[in-house]
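Following: one structure in structure tokens, then a few remarks.
These figures come from a predicted structure and were not determined experimentally.
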Amino acid sequence: MTQLITTELVELDQNLGNAPEAVIRHLASKVAAAGRATEVEGLFADAYAREQKTATGIPGGIAIPHCRSAAVTEPTLAMARLNPKVDFGAKDGPADLIFFIAAPDGADQEHLKLLSKLARSLIKKDFTAALRNASSREEIVELVDGALADKPAAHAAPVSAGVSAGGTLNASGQSGASAVAGAGSDGSAARGPKRLVAVTACPTGIAHTYMAADSLVAAAQEAGVDLQVETQGSSGAKPLDPAVIAAADAVIFAVDVDVRGKERFAGKPVINAPVKRGIDEPAKMVQEALAAADNPNARRVPHFGAEEQAEHDAEEKGEHIGQKLKRALLTGVSYMIPFVAGGGLLIALGFLLGGYDITEVADTVVVENNFGNLPEGGLTTYLGAVLFKIGALSMGFLVPALAGYIAYAIADRPGIAPGFVAGAVSGFMGAGFLGGIVGGLLAGYMAHLIGTWSVPRWLRGLMPVVIIPLLASIFASGLMFLVLGGPIAGLTLALNGWLSGMTGASAVVLGIILGLMMCFDLGGPVNKVAYAFAVAGLSAGSADNQAPWQIMATVMAAGMVPPLAMALATVLDKKLFSLAERENGKAAWLLGASFISEGAIPFAAADPLRVIPASMVGGALTGALCMAFNVTSQAPHGGLFVFFAIGNLLMFVIAIIAGTIVSALAVVALKRWAAPKSAATVETVPATV
């Protein structure tokens, strides 16, 4: 492996200017002069841009300017001991020890681990003292090489954080695995009453990520607190053990980027701050986390659905193709829904203010009129046109967002652009959401495949931003244009025609099927399939074709029945339910009215064989009534709170009430007369001696 630092990359006791810009430019020129960068200006520009995002000065008179750059040909360290010092933004004053870390865009993992190891060595006082006392460039190089090789003479650390970069650290010096082994079977730890976990991450993922981790670990050790840290850096990340997270009293996020896998920490009290604060004020962050752990009103990591958590766990363990496909489709739907939710409500408000004719004049009104020049119909028509147009534009993202995030679920960020393009092509071809699904899958799998190619190191930096989006877009969108778009558009047209023509018994049967699906698993995959079917078709609804709106109303009404029915059942016969279930029943009224089917999950989890069949009976009745009486909804969510978007509101409410009563009576009857015999009621046979 190439040596990261050489004597020609070291400056001792030099005046390199009075500003970070001058120091970084000088060190960039040394890297280029050593043949490790193709140009000075490109490297300087990347490093200085990183410096402007977050100052790289840290306590102790140290600064670590760093960057990834296409100008760098091999991972490099350049070091300067300044005289006079230069202010790099540290709270305790100017810095005299400057380490400039220059990494190529496609740096390999081994080099990145060494770079991060050096960065975390710089918070150790005996190592930095040795650097200040060194009398020659050769001695500096020897000290750095010793730090990278973990030689005790170079830096004896009071905190044993000696796991590899990208692993997990704790305040007792254990790795995550050994700490878990020391925990009780219930996830509790014997070391003390308080346990914390943390995640550190910075945009570059080379220096601050690991220094913040070590600083927090050291501060926690001094406070007598067990803290384990997950470093999400360039050299990889080893996730914290789920048992450790479950046992933690609070979590610290010292990050400048999104936390990967944030759903693992859902519900934990959280302290969130930039990664640099983890270096500058680790003790304060630890104390704030301890205070948050005891504060019931502390900010908490938001909850992600149980389904998303299950999907994450399945992904970690390895999925078969069916599971991967389901995860990708549900990811696409989950990211698509906000576009549809906001757009659908805005369109409904547009119709409310401007009438159904607003579709014909909205484009003209929003372009040619304003508050000083109102159209015929006045202010309500103008506002209706504006709201309708905003909603229509939002709904226009339905298929591209669906396809883009299906591809994202398969290939991560490189899949987003080709997925969006394939979705746009699907919309252009008239292939609708079915084309979006196909285009997203094609784009995602092609982006994933291209990402596995072995390419030269100089090309790696271009792969995620140029090569993968280009080739995956050509493949997926080309297939949509040349082969698949036409047939899928024909199928979509036939499906819309079939739905539009459904009346009478056939519509009622569809309502029953949708009602059963919505109540079968209360927010699970079957429920999501029915909901996704309704949402995906919502944009095709119009005054002349209200079938998609009828399906949306049916799905929403049926999904409201289970929690409302359980709430009613706890009122009809309290003795059949535990105290906890009766309390859940009080909350289920609001959850059901808001179309949150998951409000019935506590009841279904405790008694699935009675609650789920009873819910399905009521849901089927509600679905049948909604379709039979042509109830419509232009809003994809909200329950009773989007009453203005409901057509035939009276029958919508009657259908929900009917289904709720039937399900509540059914669950009460099943609990009364279909209860299993207890041990006390089983007939005994006298024993003979």
Side-chain angles (χ1 to χ4, degrees), residues 344 433-434 491-565 568 592-593 595 597 600 611-640 642-643 645-667 669:
F433 78 95
L434 292 177
L491 177 61
T492 300
L493 184 64
L495 178 61
N496 288 336
W498 173 66
L499 291 174
S500 301
M502 291 191 73
T503 57
S506 59
V508 170
V509 170
L510 178 60
I512 291 173
I513 293 172
L514 291 173
L516 292 171
M517 293 177 70
M518 287 301 295
C519 301
F520 176 72
D521 53 0
L522 305 174
V526 176
N527 172 287
K528 283 289 193 295
V529 168
Y531 182 65
F533 172 67
V535 170
L538 194 58
S539 62
S542 67
D544 297 326
N545 175 24
Q546 297 193 8
W549 295 348
Q550 292 173 20
I551 291 171
M552 189 71 254
T554 298
V555 163
M556 184 153 63
M560 296 167 65
V561 166
L564 291 174
L568 179 59
F595 179 37
S597 303
V611 170
I612 289 178
S615 298
M616 292 174 68
V617 171
L621 174 61
T622 296
L625 290 173
C626 284
M627 291 298 291
F629 290 94
N630 301 319
V631 179
T632 63
S633 173
Q634 297 165 46
H637 215 290
L640 295 175
V642 291
F643 61 90
I646 305 297
N648 201 352
L649 178 61
L650 178 61
M651 280 308 306
F652 179 75
V653 174
I654 291 175
I656 294 171
I657 292 174
T660 298
I661 292 173
V662 168
S663 285
L665 293 176
V667 78

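Summarising the geometry, atom OG1 belonging to T632 is positioned 5.5 Å from atom CD belonging to Q546; distances are rounded to the nearest 0.5 Å. With rounding to the nearest 0.5 Å, the separation of CG in L514 from SG in C519 is 11.0 Å. Considering CG of L564 and CD1 of I657, their distance stands at 9.5 Å, rounded to 0.5 Å.
A search for ring pair (Phe, Tyr, Trp, His ring centres under 6.0 Å) contacts involving Y531 returns F595, not counting sequence neighbours. Qualifying side-chain contact (heavy atoms from CB on, under 4.5 Å) partners for S663, counting only residues two or more places apart in sequence or in other chains: V561, A565. By the side-chain contact (heavy atoms from CB on, under 4.5 Å) test, I654 pairs with L650, M651, sequence neighbours left out. Among residues two or more places apart in sequence or in another chain, the side-chain contact (heavy atoms from CB on, under 4.5 Å) test is passed with L649 by F643, I646, F652, V653.
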Under 3.5 Å, which donor-acceptor pairs do the side chains of residues 618-628 form with other protein atoms, sequence neighbours left out?
| residue | atom | partner | partner atom | Å |
| --- | --- | --- | --- | --- |
| T622 | OG1 | G618 | O | 3.2 |
| T622 | OG1 | A655 | O | 2.8 |

Below 3.5 Å, can you tabulate the donor-acceptor pairs from side chains in residues 552-559 to any protein atom, sequence neighbours excluded?
| residue | atom | partner | partner atom | Å |
| --- | --- | --- | --- | --- |
| T554 | OG1 | Q550 | O | 2.9 |

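Residues N630 and N648 share a closest heavy-atom pair of O-CB, 4.4 Å.
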